[in-house]
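Heads up: the structure comes next, in C-alpha coordinates.
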Amino acid sequence: MAWIKTMKVRVRFAPSPTGFLHIGGARTALFNGLYARHTGGTFVLRIEDTDVARNTQEAVNVILNGLRWLGLDWDEGPVGSDATGPGKGSFGPYFQSQRKENYQRRVDALLSRGLAYEHEGAVRFKMSRDPVRFHDLVVGEVCRELTDREQVEPDFVIVRSDGQPVFHLVNVVDDLEMNITHVIRGEDHLSNTAKHIALFRAFGVEPPKYAHIPLILNLDGTKMSKRDSGASLGTYMDEGYAPEAVVNYLALLGWSPKGNREKLPLSEIIALFDLPQILRHNARFDIAKLNWLNGEYVREMDDERFYEQSVHALARAGLDTNKYPVEYVKAALDTCKGKVKLFSELPAYAGFYFREEIACDAEAVKREFTSENRPRLAKLREALADLEPFDHDRISGTLAAVAKGFGVKTGVLVHPTRLACCGNPAGPSLYHLLAVLGKDRVLKRIDGALAQMS
RNA sequence: GACCCUAUCGUCUAGCGGUUAGGACACCGCCCUUUCACGGCGGUAGCACGGGUUCGAUUCCCGUUAGGGUCGCCA
(Lines give C-alpha, C1' and ligand atoms only; values in the text may rest on other atoms or scores of the structure.)
Protein backbone atom coordinates (compact mmCIF):
# COMPACT_ATOMS: atom_id res chain seq x y z
CA MET A 1 0.00 0.00 0.00
CA ALA A 2 1.56 3.18 -1.17
CA TRP A 3 0.29 5.25 1.72
CA ILE A 4 1.82 3.01 4.32
CA LYS A 5 5.37 4.16 4.65
CA THR A 6 7.33 1.08 5.71
CA MET A 7 10.85 1.67 6.78
CA LYS A 8 13.39 -0.41 4.99
CA VAL A 9 14.97 -2.95 7.31
CA ARG A 10 18.52 -2.26 8.42
CA VAL A 11 20.19 -4.84 10.64
CA ARG A 12 23.74 -5.12 11.82
CA PHE A 13 26.24 -7.56 13.18
CA ALA A 14 28.60 -5.79 15.57
CA PRO A 15 31.35 -8.11 16.75
CA SER A 16 34.35 -7.21 18.80
CA PRO A 17 37.64 -8.38 17.31
CA THR A 18 38.81 -10.77 19.97
CA GLY A 19 40.86 -12.98 17.70
CA PHE A 20 38.22 -15.56 17.04
CA LEU A 21 34.64 -15.77 15.89
CA HIS A 22 32.41 -17.58 18.34
CA ILE A 23 30.02 -20.08 16.79
CA GLY A 24 27.18 -18.26 18.56
CA GLY A 25 28.34 -15.00 17.05
CA ALA A 26 28.40 -16.67 13.67
CA ARG A 27 24.78 -17.66 14.14
CA THR A 28 23.85 -14.15 15.24
CA ALA A 29 25.47 -12.87 12.06
CA LEU A 30 23.61 -15.50 10.08
CA PHE A 31 20.23 -14.58 11.55
CA ASN A 32 20.88 -10.92 10.84
CA GLY A 33 21.90 -11.74 7.31
CA LEU A 34 18.91 -13.99 6.79
CA TYR A 35 16.52 -11.34 8.02
CA ALA A 36 18.07 -8.72 5.79
CA ARG A 37 17.80 -10.96 2.74
CA HIS A 38 14.31 -12.11 3.66
CA THR A 39 13.03 -8.57 3.93
CA GLY A 40 15.13 -7.09 1.18
CA GLY A 41 16.82 -4.95 3.79
CA THR A 42 20.40 -3.96 4.45
CA PHE A 43 22.96 -6.00 6.37
CA VAL A 44 25.53 -3.83 8.08
CA LEU A 45 28.81 -5.02 9.56
CA ARG A 46 30.28 -2.84 12.27
CA ILE A 47 33.49 -3.58 14.11
CA GLU A 48 33.36 -2.76 17.81
CA ASP A 49 37.05 -2.19 18.28
CA THR A 50 36.90 0.14 21.25
CA ASP A 51 39.26 -1.97 23.28
CA VAL A 52 42.31 -0.75 21.39
CA ALA A 53 44.90 -2.77 23.26
CA ARG A 54 43.55 -6.11 22.21
CA ASN A 55 42.37 -5.32 18.72
CA THR A 56 44.56 -6.07 15.78
CA GLN A 57 43.97 -6.20 12.05
CA GLU A 58 44.56 -9.89 12.32
CA ALA A 59 41.68 -10.18 14.77
CA VAL A 60 39.45 -8.20 12.41
CA ASN A 61 40.41 -10.51 9.59
CA VAL A 62 39.25 -13.48 11.59
CA ILE A 63 35.77 -11.95 11.59
CA LEU A 64 35.84 -10.85 7.97
CA ASN A 65 37.13 -14.20 6.73
CA GLY A 66 34.69 -16.12 8.89
CA LEU A 67 31.71 -14.23 7.52
CA ARG A 68 32.96 -14.54 3.96
CA TRP A 69 33.50 -18.25 4.43
CA LEU A 70 29.91 -18.60 5.59
CA GLY A 71 28.83 -16.68 2.51
CA LEU A 72 27.42 -13.84 4.60
CA ASP A 73 28.21 -10.82 2.54
CA TRP A 74 27.50 -7.50 4.17
CA ASP A 75 25.97 -4.63 2.27
CA GLU A 76 27.64 -1.97 4.37
CA GLY A 77 30.80 -2.16 6.40
CA PRO A 78 34.53 -2.56 6.15
CA VAL A 79 36.13 -3.75 2.94
CA GLY A 80 39.34 -4.64 4.72
CA SER A 81 40.79 -5.08 8.16
CA ASP A 82 42.35 -1.60 8.34
CA ALA A 83 40.19 0.53 10.62
CA THR A 84 41.28 3.67 8.83
CA GLY A 85 40.73 2.11 5.44
CA PRO A 86 37.72 2.57 3.18
CA GLY A 87 34.31 1.09 3.86
CA LYS A 88 31.26 0.53 1.74
CA GLY A 89 28.03 2.29 2.62
CA SER A 90 27.14 5.85 3.51
CA PHE A 91 26.96 5.49 7.28
CA GLY A 92 30.65 4.91 7.92
CA PRO A 93 33.16 4.69 9.28
CA TYR A 94 32.29 1.16 10.32
CA PHE A 95 34.97 0.84 12.97
CA GLN A 96 34.09 2.30 16.35
CA SER A 97 37.67 3.40 16.85
CA GLN A 98 37.04 5.87 14.01
CA ARG A 99 33.82 7.31 15.43
CA LYS A 100 35.12 9.02 18.54
CA GLU A 101 33.67 12.45 17.63
CA ASN A 102 30.19 11.00 17.29
CA TYR A 103 30.29 9.67 20.81
CA GLN A 104 31.75 12.85 22.19
CA ARG A 105 29.05 14.91 20.51
CA ARG A 106 26.31 12.69 21.92
CA VAL A 107 27.75 12.75 25.41
CA ASP A 108 28.00 16.52 25.30
CA ALA A 109 24.36 16.69 24.32
CA LEU A 110 23.38 14.50 27.23
CA LEU A 111 25.54 16.52 29.60
CA SER A 112 24.13 19.84 28.47
CA ARG A 113 20.59 18.62 28.93
CA GLY A 114 21.27 17.24 32.36
CA LEU A 115 20.65 13.66 31.31
CA ALA A 116 24.17 12.69 32.23
CA TYR A 117 26.63 14.02 34.75
CA GLU A 118 30.23 13.72 35.78
CA HIS A 119 31.19 11.66 38.75
CA GLU A 120 34.73 10.86 39.85
CA GLY A 121 36.11 11.66 36.45
CA ALA A 122 33.66 9.50 34.59
CA VAL A 123 30.40 10.40 32.90
CA ARG A 124 27.31 8.69 34.20
CA PHE A 125 23.94 8.39 32.53
CA LYS A 126 20.81 9.11 34.53
CA MET A 127 19.00 5.85 34.21
CA SER A 128 15.26 5.53 34.49
CA ARG A 129 14.14 4.39 37.94
CA ASP A 130 10.95 2.92 36.56
CA PRO A 131 10.69 -0.53 35.04
CA VAL A 132 11.36 -0.52 31.29
CA ARG A 133 8.81 -2.32 29.18
CA PHE A 134 9.31 -3.34 25.59
CA HIS A 135 8.13 -5.85 23.06
CA ASP A 136 10.80 -8.23 21.89
CA LEU A 137 10.13 -9.84 18.52
CA VAL A 138 11.32 -13.19 19.79
CA VAL A 139 10.76 -13.11 23.53
CA GLY A 140 7.55 -11.14 23.64
CA GLU A 141 6.59 -8.62 26.32
CA VAL A 142 9.45 -7.87 28.68
CA CYS A 143 9.30 -5.79 31.83
CA ARG A 144 12.72 -5.13 33.24
CA GLU A 145 12.92 -3.84 36.81
CA LEU A 146 16.02 -2.61 38.56
CA THR A 147 17.98 -5.24 40.43
CA ASP A 148 18.83 -4.72 44.07
CA ARG A 149 22.25 -3.37 43.21
CA GLU A 150 20.85 -1.10 40.56
CA GLN A 151 18.38 0.30 43.07
CA VAL A 152 21.33 1.43 45.15
CA GLU A 153 22.90 3.04 42.09
CA PRO A 154 20.72 3.07 38.97
CA ASP A 155 23.00 5.31 36.93
CA PHE A 156 25.75 3.76 34.89
CA VAL A 157 29.02 4.93 33.41
CA ILE A 158 29.00 5.84 29.74
CA VAL A 159 32.45 7.43 29.55
CA ARG A 160 35.33 6.15 31.62
CA SER A 161 37.66 8.43 33.52
CA ASP A 162 40.27 7.85 30.82
CA GLY A 163 37.87 9.31 28.27
CA GLN A 164 36.94 6.02 26.62
CA PRO A 165 33.21 5.59 25.97
CA VAL A 166 31.74 2.28 27.10
CA PHE A 167 29.84 -0.35 25.16
CA HIS A 168 26.29 0.65 26.08
CA LEU A 169 26.86 4.16 24.84
CA VAL A 170 28.72 3.46 21.62
CA ASN A 171 26.44 0.61 20.70
CA VAL A 172 23.36 2.78 21.00
CA VAL A 173 24.89 5.80 19.32
CA ASP A 174 26.01 3.74 16.36
CA ASP A 175 22.71 1.93 16.00
CA LEU A 176 20.98 5.29 16.14
CA GLU A 177 23.26 7.01 13.64
CA MET A 178 23.35 4.04 11.30
CA ASN A 179 19.55 3.98 11.25
CA ILE A 180 19.40 0.40 12.48
CA THR A 181 15.77 -0.71 12.54
CA HIS A 182 16.11 -4.18 14.07
CA VAL A 183 18.62 -5.28 16.65
CA ILE A 184 19.01 -9.05 16.40
CA ARG A 185 21.45 -10.22 19.02
CA GLY A 186 22.13 -12.89 21.61
CA GLU A 187 19.86 -13.24 24.59
CA ASP A 188 22.76 -12.33 26.83
CA HIS A 189 21.86 -8.75 25.97
CA LEU A 190 18.23 -8.99 26.96
CA SER A 191 18.78 -7.51 30.40
CA ASN A 192 20.96 -4.74 28.97
CA THR A 193 18.21 -3.67 26.65
CA ALA A 194 16.56 -1.50 29.31
CA LYS A 195 19.70 0.60 29.44
CA HIS A 196 19.81 0.88 25.70
CA ILE A 197 16.18 1.89 25.41
CA ALA A 198 16.66 4.53 28.10
CA LEU A 199 19.59 5.89 26.11
CA PHE A 200 17.60 6.02 22.90
CA ARG A 201 14.85 7.93 24.69
CA ALA A 202 17.37 10.34 26.14
CA PHE A 203 18.50 11.05 22.60
CA GLY A 204 14.90 11.70 21.73
CA VAL A 205 14.38 8.86 19.29
CA GLU A 206 12.37 5.67 19.24
CA PRO A 207 14.51 2.65 19.92
CA PRO A 208 14.81 0.02 17.19
CA LYS A 209 12.89 -3.24 17.34
CA TYR A 210 14.64 -5.91 19.33
CA ALA A 211 14.92 -9.62 18.69
CA HIS A 212 16.93 -11.56 21.25
CA ILE A 213 17.86 -14.97 19.99
CA PRO A 214 18.59 -17.91 22.29
CA LEU A 215 22.16 -18.87 23.02
CA ILE A 216 24.06 -21.93 21.87
CA LEU A 217 25.18 -24.19 24.70
CA ASN A 218 27.52 -27.15 24.83
CA LEU A 219 25.98 -30.57 24.43
CA ASP A 220 25.99 -30.96 28.21
CA GLY A 221 24.07 -27.72 28.65
CA THR A 222 26.91 -25.63 29.98
CA LYS A 223 27.83 -22.32 28.49
CA MET A 224 29.99 -22.51 25.42
CA SER A 225 33.08 -20.54 26.23
CA LYS A 226 36.18 -19.79 24.24
CA ARG A 227 37.89 -22.77 25.77
CA ASP A 228 35.37 -25.29 24.52
CA SER A 229 36.49 -27.06 21.40
CA GLY A 230 34.08 -26.29 18.65
CA ALA A 231 33.22 -22.87 20.03
CA SER A 232 35.23 -21.18 17.33
CA LEU A 233 34.06 -21.00 13.75
CA GLY A 234 37.71 -21.29 12.79
CA THR A 235 37.84 -24.94 13.80
CA TYR A 236 35.16 -25.80 11.25
CA MET A 237 36.96 -23.83 8.59
CA ASP A 238 40.21 -25.62 9.41
CA GLU A 239 38.64 -29.05 9.60
CA GLY A 240 37.31 -28.66 6.12
CA TYR A 241 33.60 -28.50 6.86
CA ALA A 242 31.41 -27.36 4.01
CA PRO A 243 30.21 -23.84 4.83
CA GLU A 244 26.74 -24.58 3.49
CA ALA A 245 26.50 -27.43 6.00
CA VAL A 246 27.51 -25.18 8.87
CA VAL A 247 25.06 -22.50 7.74
CA ASN A 248 22.29 -25.06 7.39
CA TYR A 249 22.99 -26.52 10.82
CA LEU A 250 23.25 -23.14 12.52
CA ALA A 251 19.95 -22.08 10.99
CA LEU A 252 18.31 -25.13 12.56
CA LEU A 253 19.33 -24.04 16.05
CA GLY A 254 16.41 -22.08 17.43
CA TRP A 255 14.56 -21.98 14.17
CA SER A 256 12.69 -24.54 12.09
CA PRO A 257 11.62 -24.54 8.47
CA LYS A 258 8.70 -26.77 9.57
CA GLY A 259 7.40 -29.56 7.38
CA ASN A 260 9.99 -32.03 8.69
CA ARG A 261 12.67 -30.40 6.59
CA GLU A 262 16.26 -30.60 7.72
CA LYS A 263 18.51 -30.06 4.75
CA LEU A 264 17.69 -27.05 2.68
CA PRO A 265 19.63 -24.56 0.59
CA LEU A 266 20.31 -21.02 1.71
CA SER A 267 17.81 -19.63 -0.78
CA GLU A 268 15.01 -21.57 0.89
CA ILE A 269 16.18 -20.69 4.35
CA ILE A 270 16.04 -17.04 3.36
CA ALA A 271 12.56 -17.42 1.95
CA LEU A 272 11.21 -19.19 5.04
CA PHE A 273 13.12 -17.35 7.75
CA ASP A 274 11.40 -14.86 10.01
CA LEU A 275 11.84 -13.48 13.50
CA PRO A 276 8.56 -14.38 15.28
CA GLN A 277 9.05 -18.12 14.77
CA ILE A 278 12.43 -18.21 16.44
CA LEU A 279 12.35 -20.36 19.57
CA ARG A 280 12.84 -18.84 23.00
CA HIS A 281 14.97 -21.50 24.60
CA ASN A 282 18.67 -22.13 24.28
CA ALA A 283 19.90 -24.83 21.95
CA ARG A 284 22.72 -27.30 22.45
CA PHE A 285 25.35 -27.71 19.83
CA ASP A 286 25.26 -31.30 18.59
CA ILE A 287 28.34 -31.97 16.49
CA ALA A 288 26.98 -35.36 15.40
CA LYS A 289 24.11 -33.74 13.56
CA LEU A 290 26.41 -31.18 11.97
CA ASN A 291 28.62 -34.04 10.81
CA TRP A 292 25.66 -35.82 9.29
CA LEU A 293 24.61 -32.69 7.42
CA ASN A 294 28.18 -32.13 6.32
CA GLY A 295 28.29 -35.65 4.93
CA GLU A 296 25.14 -34.91 2.96
CA TYR A 297 26.70 -31.84 1.42
CA VAL A 298 30.06 -33.48 0.75
CA ARG A 299 28.30 -36.31 -1.05
CA GLU A 300 26.76 -33.82 -3.45
CA MET A 301 29.84 -31.67 -3.82
CA ASP A 302 31.16 -31.28 -7.36
CA ASP A 303 34.33 -33.25 -8.07
CA GLU A 304 36.76 -30.39 -8.43
CA ARG A 305 35.82 -28.95 -5.09
CA PHE A 306 35.94 -32.37 -3.53
CA TYR A 307 39.47 -32.94 -4.88
CA GLU A 308 40.63 -29.58 -3.66
CA GLN A 309 39.30 -30.06 -0.14
CA SER A 310 40.60 -33.61 -0.01
CA VAL A 311 44.11 -32.68 -1.08
CA HIS A 312 44.10 -29.95 1.53
CA ALA A 313 42.99 -32.32 4.28
CA LEU A 314 45.59 -34.88 3.22
CA ALA A 315 48.31 -32.24 3.20
CA ARG A 316 47.32 -31.16 6.70
CA ALA A 317 48.01 -34.70 7.81
CA GLY A 318 51.41 -34.69 6.14
CA LEU A 319 50.41 -36.61 3.02
CA ASP A 320 51.79 -34.95 -0.08
CA THR A 321 49.61 -35.83 -3.05
CA ASN A 322 51.85 -33.85 -5.37
CA LYS A 323 54.20 -36.77 -5.46
CA TYR A 324 51.61 -38.72 -7.39
CA PRO A 325 50.20 -38.22 -10.89
CA VAL A 326 47.09 -36.05 -10.97
CA GLU A 327 45.04 -38.78 -12.60
CA TYR A 328 46.07 -41.22 -9.89
CA VAL A 329 45.08 -38.77 -7.15
CA LYS A 330 41.71 -38.11 -8.75
CA ALA A 331 41.00 -41.78 -9.29
CA ALA A 332 41.94 -42.51 -5.69
CA LEU A 333 39.71 -39.75 -4.35
CA ASP A 334 36.85 -40.86 -6.57
CA THR A 335 36.73 -44.09 -4.57
CA CYS A 336 36.26 -42.05 -1.37
CA LYS A 337 33.52 -39.74 -2.54
CA GLY A 338 30.31 -40.45 -0.69
CA LYS A 339 32.15 -42.55 1.85
CA VAL A 340 33.36 -39.93 4.29
CA LYS A 341 31.37 -37.32 6.16
CA LEU A 342 34.35 -35.16 7.02
CA PHE A 343 37.48 -34.38 5.11
CA SER A 344 39.38 -34.87 8.32
CA GLU A 345 38.55 -38.60 8.02
CA LEU A 346 40.40 -38.83 4.73
CA PRO A 347 44.00 -39.31 5.94
CA ALA A 348 42.96 -42.39 7.88
CA TYR A 349 40.55 -43.55 5.20
CA ALA A 350 42.60 -43.04 2.07
CA GLY A 351 46.13 -42.51 3.34
CA PHE A 352 47.23 -45.88 1.95
CA TYR A 353 47.01 -44.45 -1.56
CA PHE A 354 49.64 -41.88 -0.77
CA ARG A 355 52.08 -43.83 1.36
CA GLU A 356 54.41 -46.44 -0.02
CA GLU A 357 54.76 -48.20 3.32
CA ILE A 358 51.58 -48.98 5.18
CA ALA A 359 50.97 -50.32 8.65
CA CYS A 360 48.17 -52.82 9.15
CA ASP A 361 45.59 -52.67 11.88
CA ALA A 362 46.81 -55.07 14.58
CA GLU A 363 43.40 -56.40 15.53
CA ALA A 364 42.55 -57.16 11.93
CA VAL A 365 45.93 -58.77 11.30
CA LYS A 366 45.25 -61.35 13.99
CA ARG A 367 41.90 -62.09 12.43
CA GLU A 368 42.84 -62.10 8.74
CA PHE A 369 46.52 -62.97 8.37
CA THR A 370 46.02 -66.56 9.41
CA SER A 371 47.83 -69.67 8.25
CA GLU A 372 44.54 -70.78 6.75
CA ASN A 373 44.37 -67.65 4.60
CA ARG A 374 47.97 -67.84 3.47
CA PRO A 375 47.55 -70.30 0.54
CA ARG A 376 44.43 -68.43 -0.56
CA LEU A 377 46.17 -65.10 -0.65
CA ALA A 378 49.22 -66.66 -2.30
CA LYS A 379 47.06 -68.11 -5.02
CA LEU A 380 45.30 -64.79 -5.51
CA ARG A 381 48.66 -63.04 -5.83
CA GLU A 382 49.62 -65.44 -8.61
CA ALA A 383 46.38 -64.85 -10.45
CA LEU A 384 46.57 -61.09 -10.10
CA ALA A 385 50.13 -61.07 -11.37
CA ASP A 386 48.90 -62.40 -14.69
CA LEU A 387 46.09 -59.89 -15.06
CA GLU A 388 46.30 -57.57 -18.00
CA PRO A 389 44.83 -55.03 -17.99
CA PHE A 390 44.58 -54.65 -14.24
CA ASP A 391 41.06 -53.28 -14.11
CA HIS A 392 38.01 -53.49 -11.91
CA ASP A 393 36.12 -56.15 -13.83
CA ARG A 394 39.07 -58.51 -14.19
CA ILE A 395 40.04 -58.06 -10.56
CA SER A 396 36.50 -58.79 -9.50
CA GLY A 397 36.40 -61.90 -11.69
CA THR A 398 39.73 -63.09 -10.37
CA LEU A 399 38.70 -62.78 -6.73
CA ALA A 400 35.57 -64.74 -7.48
CA ALA A 401 37.40 -67.41 -9.46
CA VAL A 402 40.12 -67.95 -6.87
CA ALA A 403 37.56 -68.10 -4.10
CA LYS A 404 35.58 -70.65 -6.03
CA GLY A 405 38.71 -72.71 -6.52
CA PHE A 406 39.07 -72.95 -2.77
CA GLY A 407 35.39 -73.52 -2.30
CA VAL A 408 34.93 -70.42 -0.17
CA LYS A 409 32.88 -67.27 -0.45
CA THR A 410 34.52 -64.31 -2.13
CA GLY A 411 34.37 -62.43 1.14
CA VAL A 412 36.92 -64.83 2.60
CA LEU A 413 39.48 -63.45 0.15
CA VAL A 414 38.24 -59.89 0.23
CA HIS A 415 39.05 -59.27 3.86
CA PRO A 416 42.72 -60.26 3.97
CA THR A 417 43.32 -58.65 0.60
CA ARG A 418 41.82 -55.39 1.73
CA LEU A 419 43.84 -55.46 4.90
CA ALA A 420 47.04 -56.23 2.99
CA CYS A 421 46.52 -53.33 0.58
CA CYS A 422 44.90 -50.66 2.80
CA GLY A 423 45.97 -51.64 6.27
CA ASN A 424 42.36 -51.18 7.38
CA PRO A 425 39.41 -53.54 7.65
CA ALA A 426 37.23 -50.81 6.12
CA GLY A 427 37.79 -48.61 3.11
CA PRO A 428 36.79 -47.92 -0.48
CA SER A 429 35.40 -50.59 -2.78
CA LEU A 430 38.13 -53.23 -2.94
CA TYR A 431 38.07 -53.87 -6.69
CA HIS A 432 38.23 -50.17 -7.49
CA LEU A 433 40.86 -49.59 -4.89
CA LEU A 434 43.13 -52.33 -6.27
CA ALA A 435 42.75 -51.06 -9.80
CA VAL A 436 43.69 -47.54 -8.74
CA LEU A 437 46.61 -48.72 -6.64
CA GLY A 438 47.98 -50.61 -9.64
CA LYS A 439 49.39 -54.07 -10.01
CA ASP A 440 52.88 -53.27 -8.73
CA ARG A 441 51.76 -51.82 -5.42
CA VAL A 442 49.12 -54.48 -4.93
CA LEU A 443 51.55 -57.36 -5.47
CA LYS A 444 54.12 -55.73 -3.25
CA ARG A 445 51.60 -55.27 -0.44
CA ILE A 446 50.28 -58.78 -0.75
CA ASP A 447 53.86 -60.04 -0.58
CA GLY A 448 54.32 -58.03 2.56
CA ALA A 449 51.23 -59.61 4.05
CA LEU A 450 52.28 -63.09 3.00
CA ALA A 451 55.58 -62.55 4.80
CA GLN A 452 53.68 -61.88 8.01
CA MET A 453 51.61 -65.01 7.65
CA SER A 454 54.30 -67.67 7.66
C1' G B 1 21.44 -11.58 46.55
C1' A B 2 18.10 -9.05 42.85
C1' C B 3 16.22 -8.86 38.02
C1' C B 4 15.17 -11.12 33.13
C1' C B 5 14.45 -15.41 29.94
C1' U B 6 13.45 -20.58 29.26
C1' A B 7 11.48 -25.90 29.98
C1' U B 8 8.30 -31.94 24.23
C1' C B 9 12.63 -38.46 23.16
C1' G B 10 20.06 -38.25 24.83
C1' U B 11 20.27 -33.80 21.01
C1' C B 12 17.70 -30.37 17.29
C1' U B 13 12.63 -29.77 16.64
C1' A B 14 6.76 -30.22 14.83
C1' G B 15 2.62 -29.25 17.88
C1' C B 16 -0.42 -23.53 18.98
C1' G B 17 -7.49 -27.46 24.04
C1' G B 18 -9.43 -33.33 21.81
C1' U B 19 -3.11 -36.44 17.93
C1' U B 20 -1.76 -43.89 18.43
C1' A B 21 2.53 -36.76 20.55
C1' G B 22 5.18 -36.41 14.13
C1' G B 23 10.26 -35.78 11.88
C1' A B 24 15.71 -35.55 11.98
C1' C B 25 20.59 -36.74 14.32
C1' A B 26 22.52 -40.37 17.56
C1' C B 27 21.72 -45.42 19.26
C1' C B 28 19.97 -50.80 18.54
C1' G B 29 18.20 -54.74 15.19
C1' C B 30 17.19 -56.69 10.05
C1' C B 31 17.77 -56.21 4.60
C1' C B 32 21.02 -54.72 0.53
C1' U B 33 26.33 -55.62 -0.17
C1' U B 34 33.45 -57.16 -1.83
C1' U B 35 34.45 -53.99 3.77
C1' C B 36 32.66 -49.32 5.12
C1' A B 37 29.35 -45.71 3.82
C1' C B 38 24.70 -44.89 1.27
C1' G B 39 19.80 -46.70 0.84
C1' G B 40 15.38 -49.55 2.70
C1' C B 41 12.56 -51.62 6.88
C1' G B 42 11.75 -51.89 12.09
C1' G B 43 12.84 -50.58 17.26
C1' U B 44 14.23 -48.12 22.19
C1' A B 45 13.26 -43.22 23.95
C1' G B 46 9.79 -37.39 25.39
C1' C B 47 5.51 -33.47 27.15
C1' A B 48 10.34 -31.49 34.56
C1' C B 49 6.95 -31.41 39.06
C1' G B 50 2.53 -29.50 41.79
C1' G B 51 -1.80 -26.79 41.72
C1' G B 52 -5.64 -24.54 39.10
C1' U B 53 -9.07 -23.05 34.39
C1' U B 54 -11.89 -26.49 31.27
C1' C B 55 -16.31 -31.61 29.55
C1' G B 56 -11.09 -32.24 28.22
C1' A B 57 -4.71 -30.13 29.07
C1' U B 58 1.79 -31.18 26.03
C1' U B 59 -1.01 -26.81 24.67
C1' C B 60 -3.88 -21.44 28.97
C1' C B 61 -2.79 -19.33 34.31
C1' C B 62 -0.02 -19.64 39.09
C1' G B 63 3.73 -21.85 41.95
C1' U B 64 8.06 -25.20 42.60
C1' U B 65 12.35 -27.12 40.62
C1' A B 66 16.08 -26.94 37.04
C1' G B 67 18.97 -24.46 33.29
C1' G B 68 20.68 -19.96 31.00
C1' G B 69 21.47 -14.69 31.10
C1' U B 70 22.23 -9.75 33.35
C1' C B 71 23.30 -6.47 37.32
C1' G B 72 31.59 -3.52 35.49
C1' C B 73 35.25 2.76 34.49
C1' C B 74 34.48 -5.73 29.68
C1' A B 75 32.11 -6.11 25.02
Side-chain angles (χ1 to χ4, degrees), chain A residues 14-18 48-51 54-55 96 119-124 131-132 136 138-140 142-154 156-168 170-171 186-195 212 214-217 219-223 249 252-263 279-293 295-296 299 336-341 345 349 364 368 395-396 399-400 403 409-415 417-419 422 424-434:
Chain A
S16 177
T18 57
E48 305 218 330
D49 59 340
T50 50
D51 189 352
R54 153 173 101 164
N55 296 323
Q96 289 188 330
H119 177 78
E120 293 178 354
V123 179
R124 292 218 293 212
V132 176
D136 188 283
V138 171
V139 182
V142 178
C143 180
R144 169 73 216 273
E145 291 178 32
L146 293 178
T147 67
D148 52 357
R149 289 178 201 179
E150 288 168 336
Q151 277 174 2
V152 173
E153 180 46 84
F156 59 93
V157 171
I158 53 175
V159 181
R160 288 187 273 270
S161 50
D162 66 0
Q164 288 293 317
V166 307
F167 166 75
H168 298 302
V170 297
N171 191 266
E187 200 211 70
D188 50 337
H189 280 112
L190 188 58
S191 290
N192 291 152
T193 304
K195 288 188 173 76
H212 287 91
L215 303 180
I216 298 178
L217 272 26
L219 196 54
D220 64 4
T222 56
K223 185 185 179 183
Y249 179 68
L252 258 24
L253 255 28
W255 175 80
S256 169
K258 309 283 176 73
N260 293 335
R261 306 256 278 130
E262 305 284 340
K263 177 169 177 285
L279 268 351
R280 274 70 65 102
H281 61 269
N282 296 340
R284 302 182 187 204
F285 194 89
D286 185 4
I287 191 78
K289 185 157 182 177
L290 201 211
N291 290 348
W292 165 73
L293 258 181
E296 295 292 303
R299 189 183 312 285
C336 304
K337 184 100 178 269
K339 300 283 203 160
V340 293
K341 283 191 176 74
E345 296 170 21
Y349 191 80
E368 306 296 345
I395 291 169
S396 172
L399 265 288
K409 284 183 164 179
T410 310
V412 173
L413 273 179
V414 166
H415 295 288
T417 307
R418 169 185 300 285
L419 184 61
C422 316
N424 291 317
S429 160
L430 181 67
Y431 310 146
H432 291 94
L433 160 183
L434 295 180

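Chain identifiers are assigned alphabetically (A, B, ...) following the order of the sequence lines, protein sequences preceding nucleic acid strands; residue numbering begins at 1 within each chain. Please read these numbers as outputs of a predicted model, since none were measured by experiment.
Contact annotation for A/Lys409: no contact, since no heavy-atom pair falls under 4.0 Å across all strands.
Checked against side chain to side chain contact (heavy atoms under 4.5 Å, CB included), A/His119 has the following partners two or more places apart in sequence or in another chain: A/Tyr117, A/Arg124. Residues that satisfy the side chain to side chain contact (heavy atoms under 4.5 Å, CB included) test with A/Leu146, not counting sequence neighbours, are A/Glu150, A/Gln151, A/Pro154. For A/His415, there are no ring pair (Phe, Tyr, Trp, His ring centres under 6.0 Å) partners two or more places apart in sequence or in a different chain. With sequence neighbours excluded, no residue forms a side-chain hydrogen bond (donor to acceptor under 3.5 Å, both in side chains) with A/Asn282. By the ring pair (Phe, Tyr, Trp, His ring centres under 6.0 Å) test, A/Tyr349 is found to be paired with no residue, residues two or more places apart in sequence or in another chain being considered. In this view, A/Ala122 and A/Val157 satisfy the side chain to side chain contact (heavy atoms under 4.5 Å, CB included) rule, not counting sequence neighbours. Scanning for side chain to side chain contact (heavy atoms under 4.5 Å, CB included) contacts around A/Pro15 gives A/Phe13, A/Leu45, A/Ile47, A/Ile63, with sequence neighbours left out. Remark: A/Glu368 pairs with no residue by the salt bridge (Lys or Arg N to Asp or Glu O under 4.0 Å) rule, at least two apart or across chains. For A/Lys263, the salt bridge (Lys or Arg N to Asp or Glu O under 4.0 Å) partners at least two apart in sequence or on another chain are A/Glu300.
Taking the P atom of each, B/G10 and B/C49 are spaced 13 Å apart, rounded to whole Å. Comparing the C1' positions of B/A48 and B/U58 gives an interatomic distance of 12 Å, to the nearest angstrom. Rounded to whole Å, the separation between the C1' atoms of B/C16 and B/G22 comes to 15 Å. Taking atom P on both nucleotides, B/C74 is separated from B/C5 by 28 Å, rounded to a whole Å.
An OP1 or OP2 oxygen of B/A75 is reached within less than 4.0 angstrom by a side-chain nitrogen or oxygen of A/Thr50.
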For nucleotides 33-39 of chain B, list the nitrogen or oxygen atoms of the protein found under 3.5 Å from its nitrogen or oxygen atoms, one pair per line.
from, atom 1, to, atom 2, distance (Å)
B/U34, O2, A/Leu430, N, 3.1
B/U34, N3, A/Ser429, OG, 3.2
B/U34, O4, A/Ser429, OG, 3.0
B/U35, O2', A/Pro425, O, 2.9
B/U35, N1, A/Arg418, NH2, 3.1
B/U35, O2, A/Arg418, NH1, 3.4
B/U35, O2, A/Gly427, N, 2.7
B/U35, O2, A/Gly427, O, 3.0
B/U35, N3, A/Arg418, NH2, 3.2
B/U35, N3, A/Gly427, O, 2.6
B/U35, O4, A/Lys339, NZ, 3.2
B/U35, O4, A/Ser429, N, 3.2
B/C36, O2, A/Lys339, NZ, 3.1
B/C36, O2, A/Tyr349, OH, 3.4
B/C36, N3, A/Lys339, NZ, 2.2
B/C36, N4, A/Lys339, NZ, 3.3
B/A37, O2', A/Gly338, O, 3.4

Polar pairs (N or O, both sides) under 3.5 Å between protein and nucleotides 43-48 of chain B?
none

Exercise for review: Please report the C-alpha distance between A/Thr147 and A/Arg144 in whole Å, then the side-chain angles of each, then the deciding distance to 0.1 Å, and finally whether the side-chain contact (heavy atoms from CB on, under 4.5 Å) criterion is met.
Suggested key: CA-CA 9 Å; A/Thr147 67; A/Arg144 169 73 216 273; 3.3 Å; yes
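Figure legend: cation-pi geometry between A/Lys195 and A/Phe156, with NZ or CZ positioned under 6.0 Å from the six-membered ring centre and within 45° of its axis.
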Review point. Can you give one letter per nucleotide of nucleotides 1-15 of chain B, 5' to 3': B if a protein heavy atom sits under 4.0 Å from the base, S if only from the sugar-phosphate, - if neither?
Key: BBSSSSS--BBBSSS
